Structure formats: structure tokens, C-alpha cells
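The structure under discussion appears below in the form of C-alpha cells.
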Amino acid sequence: DPDSMNEEETTSAGFNSEEFVESIITWSLNDGKDAAISVIMALVIFIIGKWVVRKIRNAITNTMTKRNVDPALVSFGSSILYYILMIAVVIAAVGKIGVETTSLVAVLGAAGLAVGLALQGALSNFASGVLIIMFRPFKIGDVINAGGQVGKVQDIGILVTIMISPDNQKIIQPNSAIMSGFITNITANDTRRVDMTVGVSYSDDLDKVMAIINDVLSTDERVLKDPEAQVVVAELADSSVNFNVRPWCATGDYWGVFFDFQKNIKQRLDSEGVRIPFPQQDVYMHQVSQ
């Protein structure tokens with residue numbers, strides 16, 4: 001019988017086609033089942049991870065808002081945190097389906113390093129902007145001296161701070177330049193001391209001059225009574241006796257008090273016969289006999 005002969009030949013050769021097909025089907029089903037489970041787990045990790053990341057971002061955003069952090073920093077910081085956490089979630093999900101994540105992390109790290117080196121200056125300005133917004137050494141509307149520039153702060157950005165100079169020029173100052181040096185907030189306090197110098201001749205009555213200076217200060221309503229103005233003999237200079245005059249006033253009245261005092265004290269000293277000396281130099285001539 002030919003069929004029985006074929007069956008005997010197949011058996012004698014040690015190969016059973018039915019068992020082979022069945023094993024292939026079983027292997028395919030098992031591998032397909034494992035792959036499906038891996039894909040499902042990856043999707044679960046991604047969905048749950050994304051939900052957790054959103055919760056974390058919202059919690060941090062609410063916390064920063066309650067602490068009156070600048071809205072620009074809240075938005076930017078929460079976005080950066082969201083994307084960093086989402087990258088971690090994606091890497092975890094991809095790793096679950098069998099993708100090698102070590103090389104992926106290395107590539108992302110190298111790319112981040114390259115971008116960081118290319119944007120080194122911008123990142124420095126960004127870090128300085130974050131510090132300015134967090135610690136608030138000045139605010140919009142303050143007059144500051146920072147980075148070699150003096151002006152009124154118009155806007156505080158992530159990368160630059162915009163100021164308006166006293167002669168109405170727009171100054172765009174990189175934040176790193178501001179944070180790398182000293183910052184003088186000129187209008188941070190409600191009051192300021194006006195420092196001035198008055199020089200008189202050596203022949204004048206110092207008590208009389210001091211009384212005149214105090215009288216000129218007392219007639220200016222912008223000069224504060226408390227703290228009391230300081231008028232003292234500060235220096236016996238080459239050509240004059242110099243008085244330090246230090247009244248206090250509201251910050252907004254600083255330049256008005258300064259300029260008006262210069263005019264009023266000159267007119268008053270002239271009317272009282274007090275001489276304001278010019279710089280002078282004595283020259284002695286000696287005849288040398290030959």
C-alpha cells in the first residue's frame with residue numbers, strides 16, 4: 001500500500017509533518033500572546049504615567065501660584081518638568097515592549113549635551129532670569145543700577161531685562177550680566193539720604209555757615225524731620241572748609257531736593273557775605289644768585 005509505505009518512510013525518517021505544523025502554530029500563538037501582553041502593558045504604563053505626570057505638574061503649578069511666583073516662571077517651569085517626566089514615561093513604556101533603552105538614553109543625553117553647549121549663553125541668561133524672578137532683587141517699576149546700566153525696570157523676562165534710561169532710551173540687558181555683578185535698587189525703600197558738600201573759605205565763621213545750611217534745609221518741606229539732617233565739618237581741604245550736608249527725603253523727591261539745595265545755598269551764602277572759594281595755588285618765586 002503506497003500510503004502505508006509513505007507513513008513508514010516518514011516515521012522511519014523521524015519527521016512528522018503534523019507535529020511540525022502544530023509546533024509552529026503553538027510557538028506563534030505563544031509569541032503573539034507575549035507580544036500582545038507586552039504592548040498592552042506598555043500602553044498601560046504610558047496612560048497611567050501620563051496621568052501621574054499631569055497630577056504632578058498641576059500640583060507644582062498650584063503651589064508656585066499660591067507662593068506668588070512670577071506667572072512666566074510658573075508656566076515655563078511646569079512645562080519643562082512635564083516634558084522631562086513624559087520622556088521618562090515613554091522610555092519606560094518602550095522598554096516594556098523589548099526595545100533597548102540604554103542606547104536611547106545615551107542618544108538623548110548626547111543630544112542634550114550638544115544643545116546645551118550650543119545654547120550656553122542662552123542657558124546662562126535663563127538661569128539668571130529664574131534667580132531674578134525667584135529672589136526678586138527688584139521688580140517692575142524700580143530704578144536700578146545693574147550690569148553697568150541705570151534705568152527704570154520695564155519688563156523682566158526669562159532671558160533679558162528691559163530698562164528705560166533717565167534720558168528715555170530702551171536698554172535690553174542680558175540677565176547674566178545683571179546677576180554677575182552688583183545690583184543697586186535705588187527705589188527699593190521709601191526714603192533716601194541726599195549727600196551734598198558745601199565748601200567755604202577758611203576765614204568764614206563755621207558756626208554761622210552751619211546755621212545758614214540748617215535754615216535752608218528747614219525751609220524745604222520735602223526734607224524730612226526724622227531722620228534729622230546731618231550737617232558736619234567733614235574736611236579741611238586745600239582751598240576750603242568742606243561741610244557734609246545729609247538730609248533725608250522721600251525717594252521720589254531726591255533729585256528735586258538735591259538740585260534746589262544747590263541753588264538756594266549759593267544764593268543764601270552770597271547774601272550773607274560767606275565766600276565760596278575757588279581752587280587756588282600759591283606760587284613762590286626765589287631769585288637765585290649766580
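Just so we're clear, the structure is a prediction, and the values are computed from it rather than from any experiment.
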For Phe258, give me all partners under ring-ring contact (aromatic ring centres under 6.0 Å, His included), at least two apart in sequence or on another chain. Trp255
Apply side-chain contact (heavy atoms from CB on, under 4.5 Å) to Met41 and list each qualifying residue two or more places apart in sequence or on a separate chain. Ile37, Lys96
Qualifying residues under side-chain contact (heavy atoms from CB on, under 4.5 Å), relative to Thr187, sequence neighbours excluded: Asp142, Val143, Asn185, Thr251
Identify, with sequence neighbours excluded, every residue that meets side-chain contact (heavy atoms from CB on, under 4.5 Å) alongside Thr184. Asn145, Phe182, Ile186
Could I get the full list of salt bridge (charged side-chain N to carboxylate O under 4.0 Å, His left out) partners for Asp155, not counting sequence neighbours? none
Contacts of Asp205 that satisfy side-chain contact (heavy atoms from CB on, under 4.5 Å) - sequence neighbours left out: Asp207, Lys208
Please list, chain by chain and in numerical order, all residues satisfying side-chain hydrogen bond (donor to acceptor under 3.5 Å, both in side chains) with Asp204, sequence neighbours excluded. Ser201
Gln169 meets the side-chain hydrogen bond (donor to acceptor under 3.5 Å, both in side chains) criterion, sequence neighbours left out, with Asp167
If we ignore hydrogens and angles and just use 3.5 Å, is the side chain of Ser271 paired with the main-chain N or O of Arg268 as donor and acceptor? yes
side-chain hydrogen bond (donor to acceptor under 3.5 Å, both in side chains) involving Thr61 - partner list, sequence neighbours excluded: none
Report yes or no: does Gln173 contribute a side-chain atom to a donor-acceptor pair with the main-chain N or O of Ala146 at less than 3.5 Å? yes
For Glu228, all residues meeting salt bridge (charged side-chain N to carboxylate O under 4.0 Å, His left out), sequence neighbours excluded: none
Donor-acceptor pairs under 3.5 Å, side chain of residues 47-60 to any protein atom, not counting sequence neighbours: which ones?
residue: Asn58; atom: ND2; partner: Arg54; partner atom: O; Å: 3.2

Which residues share a side-chain hydrogen bond (donor to acceptor under 3.5 Å, both in side chains) with Gln230, sequence neighbours left out: Arg246
